[in-house]
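Take a look at the structure set out below.
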Protein chains: 2
Amino acid sequence: MAVTIRDIAKRAGVSRGTVDRVLHNRKGVNEEVACRVRAIAKELGFIPNLAGKALANRKQPLRIGCLLPSIGNPFFTEVIAGFRQAERELSDFGVSVDIMEVKSFDRAVHLDAIETLQSKHYDGLCITTINVEPVIAAIDRITETGTTVVTVNTDISDTHRLCYVGPDYYLGGTTASGLLSLVCKQQEQKILIVTGSFNIKGHQERIRGFLEGLTTRQMPHSIVDVIESLDDNDKAYERTLSCLKEKPEINCLYLTAAGVQGACQAVQELGKTGNIRILSFDDIPTTKALIQKGVITFTICQEPQRQGYDAIQKLFFHLMNQQEPVVDTITRTIIKIRENLDD
Amino acid sequence: MAVTIRDIAKRAGVSRGTVDRVLHNRKGVNEEVACRVRAIAKELGFIPNLAGKALANRKQPLRIGCLLPSIGNPFFTEVIAGFRQAERELSDFGVSVDIMEVKSFDRAVHLDAIETLQSKHYDGLCITTINVEPVIAAIDRITETGTTVVTVNTDISDTHRLCYVGPDYYLGGTTASGLLSLVCKQQEQKILIVTGSFNIKGHQERIRGFLEGLTTRQMPHSIVDVIESLDDNDKAYERTLSCLKEKPEINCLYLTAAGVQGACQAVQELGKTGNIRILSFDDIPTTKALIQKGVITFTICQEPQRQGYDAIQKLFFHLMNQQEPVVDTITRTIIKIRENLDD
DNA sequence: CTGAAAGCGCTAACAA
DNA sequence: TTGTTAGCGCTTTCAG
């Protein structure tokens with residue numbers, strides 16, 4: 001039978017109320033008793049019962065706020081589904097989830113959004129934002145007020161976030177290179193890299209992992225060019241098109257970010273489908289369609305729905321039961337080809 | 001604010017006890033009142049609060065029993081880890097999980113094990129067993145006594161199980177064929193299929209999916225032979241060795257089941273590593289090592305840990321809150337190559 | 001057949 | 001500084 005605060009109270013010769021105060025580090029307890037209670041709790045290996053806590057907390061439900069740069073970016077649809085699933089499963093424990101969506105990775109927009117979130121005094125935050133100085137500072141201000149922050153999909157370095165839930169971008173890159181090597185054998189690849197932004201660390205990591213992976217696999221290759229799509233289909237289309245025209249030797253496209261459809265459209269219009277091998281990331285509907293058609297050979301995914309789900313879960317368990325250390329959740333690097341696209 | 005039995009009781013002009021009796025279909029309630037209560041519950045969209053239930057149920061905890069043919073089969077290590085993780089997370093809700101392990105797929109052994117499980121009167125069962133007549137009947141006998149059964153990893157047809165949690169074997173086969181096609185282009189594959197048993201449906205499905213997938217991808221190929229390993233490394237080694245000697249044209253091995261290490265040993269001893277392409281299923285430690293070494297090109301996995309975890313979760317939620325319909329969980333078909341082997 | 005009351009583990013408001 | 005009490009939603013026992 002599990003240990004309860006009753007057991008601790010009896011053993012320490014105090015009331016349950018006092019035990020509760022000690023366990024929550026609330027002031028107004030004689031330091032001596034506090035010590036004794038803490039010692040006994042540790043000795044007995046006390047773990048608070050979740051059901052009991054949830055029931056008692058019902059009057060002051062747990063409020064979680066989220067920030068996603070999801071407007072106009074279909075990738076985040078799945079992340080949101082994960083948030084919502086977690087909210088549903090945890091509703092019996094008094095959890096509510098608000099999602100704030102913004103467009104783009106603009107610095108001012110994000111700072112503004114974070115300000116707004118702070119003003120709402122959530123118990124916890126799940127956020128995907130940009131890793132730049134003023135944003136980092138804003139987040140530190142929030143954590144200092146006692147709000148717990150989890151970073152989702154994109155980590156924010158050197159801040160006091162509880163943990164990160166998202167992919168290993170470098171591993172995504174090496175996996176792409178590994179599979180490319182298997183598929184192309186010793187045929188030299190003349191590669192055009194279409195990345196999202198030179199300023200986004202995840203995209204850079206996908207390139208770094210890819211290049212190092214090609215070397216490890218001793219894959220003959222050359223990088224013909226690296227261009228930015230800014231996660232935009234139109235830009236990806238134009239720039240890919242002009243680059244392919246200029247450099248007809250290109251036989252491989254490595255798409256590290258959004259803008260997949262645009263880049264593929266350029267290839268298709270030039271009648272080069274089949275002659276140019278295309279690799280991409282994620283599996284938004286348009287990408288799936290291109291794999292079905294055989295335009296893209298494979299895509300590397302990152303469990304977006306799980307990112308949303310796990311972020312909320314982590315936050316919840318931590319808020320309900322401080323103490324045990326929290327580690328990052330690195331979501332899986334999933335290879336999808338035509339056959340296993342739908343699961 | 002969510003609806004509680006209190007709300008229903010007030011509205012129906014009865015006590016909470018009566019509402020509880022009605023909601024649990026317990027006898028001893030005037031049919032008229034019962035109807036009224038049921039109607040109000042439905043109208044208000046009542047969903048019982050999990051935390052409340054768990055707390056009240058604490059005196060009669062939920063007991064779940066599991067059956068796995070895991071002795072001597074490393075694949076199930078992960079499934080067990082999933083069972084245990086679920087048990088840990090649900091311990092606050094009074095759930096306990098007993099695991100019964102047997103060796104092999106012997107009919108008598110399984111019948112005996114199921115008998116034993118029945119005699120322990122568990123609230124729910126998670127089982128991996130064989131899909132044959134007497135076993136099916138034994139399971140039906142159990143479900144008739146009110147014990148809920150979930151099938152894990154291997155489904156049992158036409159029985160009154162709550163649901164199935166496991167892979168889509170056919171999809172595993174098509175995925176293997178799809179990736180093989182990408183890797184081998186138009187090079188004709190002369191394939192030796194090493195399956196586990198002709199009598200195990202999952203293995204058959206992996207073959208069927210593979211063959212149909214090769215046709216869909218218009219992959220030139222021939223099946224040189226199909227042999228059984230009986231999930232045993234020694235047998236796999238011997239039979240693969242003699243077959244490879246007899247038919248030196250074989251350039252591809254399709255391993256649908258256990259015995260991977262044995263089959264690979266045969267290839268290695270003949271000095272044919274690199275000349276024979278090998279595909280396998282699952283990622284037990286020995287298989288991982290063979291991928292690292294480059295002996296196996298890729299392996300198709302099925303989320304074994306999630307199988308264990310989800311099976312318990314499903315069972316738990318259903319036992320706590322009958323009513324909502326339960327659907328099967330088909331775990332993902334995961335492609336692993338050297339680079340993404342460890343996640 | 002039905003209501004009242006106690007209790008699961010925990011929290012918070014109120015007394016002392 | 002500490003103890004007492006009521007109550008979260010649900011189940012169960014004991015009266016009636």
Side-chain angles (χ1 to χ4, degrees), chain A residues 1-37 41 44-62 90-95 123 317 319-323, chain B residues 1-37 41 44-62 90-95 123 317 319-323:
Chain A
M1 203 59 184
V3 184
T4 72
I5 48 167
R6 250 202 160 81
D7 301 329
I8 300 176
K10 204 181 297 172
R11 183 88 157 246
V14 297
S15 75
R16 291 181 291 156
T18 300
V19 173
D20 186 65
R21 277 182 279 259
V22 173
L23 263 26
H24 290 81
N25 303 310
R26 274 194 277 269
K27 55 178 184 175
V29 182
N30 185 312
E31 189 48 40
E32 204 178 331
V33 253
C35 276
R36 188 151 39 93
V37 168
L44 264 39
F46 170 73
I47 300 172
N49 181 292
L50 217 65
K53 283 190 96 139
L55 222 40
N57 274 332
R58 221 159 177 286
K59 292 178 171 177
Q60 321 178 5
L62 226 59
L90 297 176
S91 65
D92 277 358
F93 303 103
V95 170
D123 299 291
F317 281 107
L319 291 172
M320 286 302 266
N321 177 15
Q322 323 274 1
Q323 60 191 318
Chain B
M1 205 58 184
V3 184
T4 73
I5 47 167
R6 248 203 162 80
D7 302 330
I8 300 175
K10 205 181 297 172
R11 184 89 158 246
V14 297
S15 74
R16 292 182 290 156
T18 301
V19 173
D20 187 67
R21 278 182 278 259
V22 173
L23 262 27
H24 290 81
N25 303 309
R26 274 194 278 270
K27 53 174 185 177
V29 182
N30 184 312
E31 188 48 37
E32 203 179 330
V33 210
C35 275
R36 189 150 41 93
V37 168
L44 264 39
F46 171 73
I47 300 173
N49 181 292
L50 217 64
K53 285 190 95 139
L55 221 40
N57 275 331
R58 222 161 177 286
K59 291 178 172 176
Q60 319 178 5
L62 226 60
L90 297 176
S91 65
D92 278 358
F93 304 103
V95 170
D123 299 292
F317 282 107
L319 290 172
M320 285 303 264
N321 177 15
Q322 322 274 2
Q323 59 191 320

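In what follows, chains carry the letters A, B, and so on, assigned in the order in which the sequence lines appear, proteins first and then strands, with residues in each chain numbered from 1.
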* Asked: Which parts of residues 2-16 of chain B get close to DNA chain C, meaning a heavy atom less than 4.0 angstrom away?
  -> Gly13(B), Val14(B), Ser15(B)
* Check: Asn49(A) side chain, Gly52(A) main-chain N or O, donor-acceptor pair, under 3.5 Å -> yes
* **Sub-4.5 Å side-chain heavy-atom contact between Thr18(A) and Val29(A)** => yes
* Asked: Using a heavy-atom distance cut-off of less than 4.0 Å, which residues of residues 22-31 of chain A contact DNA chain C?
  -> His24(A), Arg26(A)
Nucleotide N/O to protein N/O under 3.5 Å, stretch nucleotides 14-16 of chain C:
none

* To do: Take atom CZ of Phe93(A) and atom C1' of dT11(C), then tell me their distance rounded to the nearest Å.
  => 17 Å
* Asked: 5'-most contact on DNA chain C: Met320(A) or Lys59(B), nearest heavy atom basis?
  -> Lys59(B)
* Asked: Which distance, rounded to the nearest 0.5 Å, do you find between the NZ of Lys53(A) and the CZ of Phe93(A)?
  -> 13.0 Å
* Nucleotides bounding contact with chain A, strand DNA chain D, heavy-atom threshold 4.0 Å -> dT1(D) to dG9(D)
* Near DNA chain C, which residues from residues 44-55 of chain A have a heavy atom under 4.0 Å away? -> Phe46(A), Pro48(A), Asn49(A), Gly52(A), Lys53(A), Leu55(A)
* Structure fact -> Here the distance between atom C1' of dG9(C) and atom CZ of Arg58(A), to the nearest Å, is 16 Å
* **Distance in Å, Leu23(B) CG paired with Ile5(B) CD1, rounded so as to fall on 0.5 Å steps** => 8.0 Å
* Verify the neighbour count for atom CD1 of Ile47(B): are there more than 12 heavy atoms of other residues, nucleotides or ligands below 6.0 Å? => no
* Between Arg26(B) and Asp20(B), is there a side-chain N and carboxylate O pair less than 4.0 Å apart? -> yes
* Compute the bend angle of the helix from dC1(C)-dG16(D) to dA16(C)-dT1(D) from the end axes (five pairs per end), rounded to 10°. => 60°
